[in-house]
Amino acid sequence: MQKIHYHLKMAKELTPRSEDYSQWYNDLVVKADLAENSAVRGCMVIKPYGYAIWEKMQRELDRMFKETGHVNAYFPLFIPKSFLSKEADHVEGFAKECAVVTHYRLKTNPDGSGVVVDPEAKLEEELIVRPTSETIIWNTYKNWIHSYRDLPILCNQWANVVRWEMRTRLFLRTAEFLWQEGHTAHETYEEAEKEAQKMLNVYGEFVENFMAVPVIKGVKSETERFAGAVDTYTIEALMQDGKALQSGTSHFLGQNFAKAFDVQYQTREGKLDYVWATSWGVSTRLMGALIMSHSDDNGLVLPPNLAPFQVVIVPIFKNDEQLAQISAKVDEIMAKLKALGVSVKYDDSDTKKPGWKFAEYELKGVPVRLAMGARDLENGTVEVARRDTLTKETVSLEGIDVYVKNLLDEIQKNIFQKALTYRNSMIKKVDSYEDFKVEIEKGGFILAHWDGTPETEAKIKEETKATIRCVPFDTYLDDDKVPGKCMVTGKPSKCRVLFARAY
RNA sequence: CGAGGUGUAGCGCAGUCCGGUUAGCGCAUCUGGUUUGGGACCAGAGGGUCGGGGGUUCGAAUCCCUUCACCUCGACCA
C-alpha cells in the first residue's frame with residue numbers, strides 16, 4: 001500500500017487547519033459543494049451534495065423515530081405572538097431572536113421604485129416565525145387530549161425554524177435551519193422522563209453509528225438548559241480544534257407547557273391532571289459536527305453510512321475505444337457492488353482529466369475510489385484508494401465487490417475509532433482553578449468539581465469562556481463520580497462536571 | 001449595538017496614498033489543437049453600472065460628502 005503525497009492546486013485549495021481552523025471549515029463547506037451563503041443575511045443555500053448528506057441523516061433518524069413508536073405530523077410556520085408569552089422562561093429564551101410578520105400585503109411604491117409594505121395591511125396580531133414549535137403544538141395538543149386514553153402522543157415534525165442570530169456560520173449557526181422536533185405528551189412524570197432519555201439515546205446511537213462521531217451524554221446545568229424545560233439532556237461532541245459542539249438535545253419539560261396551555265386530562269382515577277411532556281431535536285448543525293470531526297486538509301472525509309455515494313469509479317483512457325472497454329468492465333463491477341447494497345458513481349465524463357477527478361472526489365470525501373485504466377484491463381485489476389487514510393493499492397477484480405464492501409465497513413469503524421481516540425485523549429481532569437485556566441487554553445474537555453451554583457458557573461464563563469457542557473451520565477475518568485470540592489469556591493461538589501469552550 | 005476592516009469581470013486580487021492613454025493580473029469560462037495512471041499544455045477569444053447617490057475638477061476607481069452591503073472580533077446562540 002502506498003501513501004499519497006501531493007498538493008492540491010489553485011482554485012480549490014483549502015486553507016490548512018493548522019493555519020486557520022475556522023477558515024478551513026468555511027473553505028471546505030463551500031469548495032466541497034455542501035452549502036453557500038445566500039442573498040439573505042444569515043441564511044444558507046444547501047447545495048445538492050450537502051443536501052444529499054442531510055437526506056441520508058433524515059432517512060435514518062426518521063426510521064429510528066418510527067421504530068420507537070413515533071409518527072410524523074406538521075404544524076404551522078407562524079405562531080401568534082400571544083402564544084409565545086404563555087410560558088415565562090420560554091419567552092425569555094427566544095424573544096430576542098424572533099422574526100416577526102407584521103403585514104400581509106405589498107403595494108407599488110407611489111414614486112414608482114418597486115414595492116413597499118402596504119400600511120393598510122397591518123395584522124391585528126403579529127405572527128412570529130417559529131424559533132421552535134412548543135407553543136403552537138401545545139396549543140394544538142390541548143384539543144387532542146382529554147383523557148388518559150388519548151395518551152401518550154408521540155409526534156415528530158421535520159421543519160425549518162428561524163432564530164435571528166447576530167453572527168452566523170454555515171451549518172453551525174444560521175438564521176434559518178432545518179431540523180426535526182419531537183413533541184410528546186405523557187400520563188406520568190416517569191414515562192415522560194423515560195421518553196426524554198430514550199430519545200437522547202437514539203441520538204447518541206445515530207451520531208456514533210452513522211456519523212462516526214463519539215458523544216458524551218449528560219444533563220445540562222440550570223443556566224444551559226432549554227428555555228421552559230425541567231431538564232435538558234445533551235450529546236456533546238469534540239471537534240478537531242478542541243471545541244465542543246452540542247449535537248442534539250432532549251428535554252424533559254415536566255408540566256410547564258401543559259400548565260401554560262392548560263392541557264389537562266382525566267386520570268385513571270377520574271381526577272384532572274396536567275400532562276407531562278418532552279421535546280427533542282437535532283438540526284443541520286449535525287452537518288457541522290460531521291465535517292469538523294473527520295475531515296482533513298485535502299477536504300471532506302465522509303463515513304460510508306452517510307456518503308451520498310460510497311464509491312466513485314474513474315476510468316483512465318486515451319480514446320473512445322479504450323473507454324468503451326473500460327466501461328464494459330466497470331458495468332460488471334457496478335452491478336456486483338449494487339447487489340451488495342453499495343452505492344456507486346461512475347464518472348466517465350471526458351471534460352475532466354483523471355487527476356482532476358481524483359482531487360475533486362477527495363475534496364468531496366467519497367470513501368472509496370476505484371481507478372481503472374488500460375493497465376488494469378490487461379492485468380484484471382483495479383486501483384483502490386481509501387479516503388480516510390489516503391492510501392491506495394492495486395487489487396484483483398476477482399471478488400472486488402466483497403473486498404470493497406468490507407473496506408467500507410472498515411472505513412466506517414476506522415474513522416469512528418480515530419475520532420474516539422482523539423476525543424478520549426482530550427478529556428482531562430483538573431482540580432485547581434489555576435490549572436483549569438491553563439488547560440482550557442489547550443482545548444478539549446475538562447472534568448472538574450463545581451459547587452452547583454449559577455454564580456460560579458457564570459464566573460468561570462466570564463473568565464475563561466468555558467461553559468459546563470453537561471454533567472455526564474457515564475464515567476470517563478476513574479473518580480468522576482466521587483464527591484470533591486469546587487475548584488473555584490472550595491464548596492462541596494457531588495461529582496465532576498464537563499467543561500469546554502463550545503461552538 | 002461597540003471596535004476594526006473590505007467593496008474593482010463568475011471567484012481571488014493589483015491600481016486609490018500622489019486624479020491624467022483604451023482600468024490591469026491570476027483562476028474560471030468559450031474556441032481550436034495536442035494531451036489523459038494525481039487538479040495538463042499551447043494559441044486565441046469573450047466578459048466591467050470600479051457597491052449606490054451627490055459633489056469638486058478640463059478630467060475621478062483615485063479627492064470630498066452621504067448611503068448601503070459584507071467580513072473579522074465582542075455581547076447573544078442549536
So [X], base contact, sugar-phosphate only, or nothing? Heavy-atom distance under 4.0 Å.
{"X": "Thr174(A)", "result": "base"}
{"X": "Leu245(A)", "result": "nothing"}
{"X": "Asp376(A)", "result": "base"}
{"X": "Tyr503(A)", "result": "nothing"}

[atom1] gap between [N] and [M], integer Å:
{"N": "rG24(B)", "M": "rC42(B)", "atom1": "C1'", "value": "23 Å"}
{"N": "rG52(B)", "M": "rC11(B)", "atom1": "P", "value": "15 Å"}
{"N": "rU56(B)", "M": "rC64(B)", "atom1": "C1'", "value": "7 Å"}
{"N": "rC13(B)", "M": "rA9(B)", "atom1": "P", "value": "11 Å"}
{"N": "rC71(B)", "M": "rG12(B)", "atom1": "P", "value": "12 Å"}
{"N": "rG51(B)", "M": "rG7(B)", "atom1": "P", "value": "8 Å"}
{"N": "rG54(B)", "M": "rA60(B)", "atom1": "C1'", "value": "14 Å"}
{"N": "rC73(B)", "M": "rU29(B)", "atom1": "C1'", "value": "37 Å"}

Worksheet item: What class does the angle between the rings of His251(A) and Phe226(A) fall in, given that below 30° is parallel, 30 to 60° is tilted and above 60° is perpendicular?
Response: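 Ring orientation, 0 to 90° scale: parallel.
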
Worksheet entry | Pair Tyr233(A), Glu193(A): side-chain N/O donor-acceptor within cut-off below 3.5 Å |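 A pair is found: one side chain offers a donor N or O, the other an acceptor, under 3.5 Å apart.
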
Item to complete: Check the side chains of Gln157(A) and Ser133(A) for a donor-acceptor pair under 3.5 angstrom, ignoring hydrogens and angles.
Response: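 Their side chains do contain a donor-acceptor pair, which is all the 3.5 Å distance test asks for.
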
Worksheet item: More than 12 foreign heavy atoms under 6.0 Å from CG of Asp320(A): is that the case here?
Response: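 Atom CG in Asp320(A) is not crowded, with 12 or fewer foreign heavy atoms closer than 6.0 Å.
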
Fill in: Residue list, side chain to side chain contact (heavy atoms under 4.5 Å, CB included) with Val100(A), at least two apart or on another chain
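For Val100(A) the side chain to side chain contact (heavy atoms under 4.5 Å, CB included) partners, ignoring immediate neighbours, are Thr102(A), Glu126(A), Ile128(A).
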
Worksheet item: Can you name the side chain to side chain contact (heavy atoms under 4.5 Å, CB included) partners of Glu398(A), sequence neighbours left out?
Response: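 Testing Glu398(A) for side chain to side chain contact (heavy atoms under 4.5 Å, CB included), a comparison that skips the adjacent residues, returns Ser396(A).
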
Can you list the residues that meet the side chain to side chain donor-acceptor pair (under 3.5 Å) rule with [X], with sequence neighbours excluded?
{"X": "Glu60(A)", "answer": "Arg63(A)"}
{"X": "His90(A)", "answer": "none"}
{"X": "Ser349(A)", "answer": "Asp347(A)"}

For the side chain of [X], counting heavy atoms from C-beta on, which of [options] is nearest?
{"X": "Trp356(A)", "options": "rG37(B), rG39(B), rA78(B)", "value": "rG39(B)"}
{"X": "Glu165(A)", "options": "rG37(B), rG39(B), rC76(B)", "value": "rC76(B)"}
{"X": "Glu383(A)", "options": "rU29(B), rC76(B), rG37(B)", "value": "rG37(B)"}
{"X": "Gln246(A)", "options": "rU29(B), rG39(B), rA78(B)", "value": "rA78(B)"}

Identify each donor-acceptor pair in which a side-chain atom of residues 240-247 of chain A lies under 3.5 Å from a protein atom, sequence neighbours left out, and give them as a table.
{"from": "Gln240(A)", "atom 1": "OE1", "to": "Arg17(A)", "atom 2": "NH1", "distance (Å)": "3.3"}
{"from": "Gln240(A)", "atom 1": "OE1", "to": "Tyr21(A)", "atom 2": "OH", "distance (Å)": "3.4"}
{"from": "Gln240(A)", "atom 1": "NE2", "to": "Ser293(A)", "atom 2": "O", "distance (Å)": "3.3"}
{"from": "Gln240(A)", "atom 1": "NE2", "to": "Ser295(A)", "atom 2": "O", "distance (Å)": "2.9"}
{"from": "Asp241(A)", "atom 1": "OD1", "to": "Lys243(A)", "atom 2": "N", "distance (Å)": "3.2"}
{"from": "Asp241(A)", "atom 1": "OD2", "to": "Tyr503(A)", "atom 2": "OH", "distance (Å)": "2.6"}
{"from": "Gln246(A)", "atom 1": "OE1", "to": "Lys220(A)", "atom 2": "NZ", "distance (Å)": "2.9"}
{"from": "Ser247(A)", "atom 1": "OG", "to": "Leu245(A)", "atom 2": "O", "distance (Å)": "3.0"}

Send over the distance from [X] [atom1] to [N] [atom2], rounded to a whole Å.
{"X": "Glu97(A)", "N": "rA78(B)", "atom1": "CD", "atom2": "P", "answer": "7 Å"}
{"X": "Glu176(A)", "N": "rA78(B)", "atom1": "CD", "atom2": "P", "answer": "18 Å"}
{"X": "Gln180(A)", "N": "rA78(B)", "atom1": "CD", "atom2": "P", "answer": "15 Å"}
{"X": "Met287(A)", "N": "rA78(B)", "atom1": "CE", "atom2": "P", "answer": "20 Å"}
{"X": "Arg369(A)", "N": "rG37(B)", "atom1": "CZ", "atom2": "P", "answer": "12 Å"}
{"X": "Arg375(A)", "N": "rU36(B)", "atom1": "CZ", "atom2": "P", "answer": "13 Å"}
{"X": "Ile316(A)", "N": "rA40(B)", "atom1": "CD1", "atom2": "P", "answer": "13 Å"}
{"X": "Asp33(A)", "N": "rC11(B)", "atom1": "CG", "atom2": "C1'", "answer": "14 Å"}

Discussion item. I want to confirm an ordering. Mapping Gly248(A) and Lys357(A) to their closest nucleotides on RNA chain B, which one lands closer to the 5' end?
Written reply: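 On the 5' side of the pair lies Lys357(A).
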
Worksheet item: 5'-most contact on RNA chain B: Thr249(A) or Gly355(A), nearest heavy atom basis?
Response: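 Going by which nucleotide is closer to the 5' end, it is Gly355(A).
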
Worksheet item: Do Glu441(A) and Lys465(A) meet the salt-bridge criterion of a basic N to acidic O distance under 4.0 Å?
Response: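 Salt bridge between Lys465(A) and Glu441(A), a charged N being under 4.0 Å from a carboxylate O: no.
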
Fill in: Contact list for residues 87-101 of chain A, test salt bridge (charged side-chain N to carboxylate O under 4.0 Å, His left out), sequence neighbours left out
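The answer is none; no pair qualifies.
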
Which pairs would a plain distance check flag for residues 44-53 of chain A, meaning a side-chain donor or acceptor within less than 3.5 Å of a matching protein atom at least two apart in sequence or in another chain?
{"from": "Lys47(A)", "atom 1": "NZ", "to": "Asp33(A)", "atom 2": "OD1", "distance (Å)": "2.8"}
{"from": "Tyr49(A)", "atom 1": "OH", "to": "Lys364(A)", "atom 2": "O", "distance (Å)": "2.7"}

Discussion item. If the test is side-chain contact (heavy atoms from CB on, under 4.5 Å), which one of Thr391(A), Val368(A), Val311(A) qualifies with Val384(A)?
Written reply: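 The option that passes is Val368(A).
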
Worksheet item: Only one of Val30(A), Leu170(A), Thr174(A) clears side-chain contact (heavy atoms from CB on, under 4.5 Å) with Asn37(A); which?
Response: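 The side-chain contact (heavy atoms from CB on, under 4.5 Å) with Asn37(A) is passed solely by Leu170(A) among Val30(A), Leu170(A), Thr174(A).
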
Worksheet entry | Residues in contact with RNA chain B, drawn from residues 303-315 of chain A - heavy-atom cutoff 4.0 Å |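 The stretch gives none, as no residue of it lies under 4.0 Å from the strand.
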
Worksheet item: Looking at residues 317-328 of chain A, who's got a heavy atom less than 4.0 Å off RNA chain B?
Response: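 Output list: Phe317(A), Lys318(A).
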
Response to the item:
Readout for nucleotides 70-75 of chain B: B = base within 4.0 Å of protein heavy atom, S = sugar-phosphate only, - = neither; 5' to 3' it is S--SBB

Worksheet item: Cationic tip of Arg285(A) within the cone over Phe177(A)'s six-membered ring, i.e. under 6.0 Å and within 45° of the normal?
Response: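 Checked: cation-pi criterion not met.
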
Worksheet item: Using Watson-Crick and G-U wobble pairs whose two distances are both under 3.5 Å, how do you write the pairing of RNA chain B as dot-bracket, with | for links to another strand?
Response: ((((((((.[[[[.)....(...]]]].((((((.....)))))).....[[[[[..)....]]]]])))))))....

Worksheet item: Using a cut-off of less than 4.0 Å, is there contact between a side-chain N or O of Lys353(A) and OP1 or OP2 of rA40(B)?
Response: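 Checking rA40(B) against Lys353(A), a side-chain N or O does come within under 4.0 Å of OP1 or OP2.
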
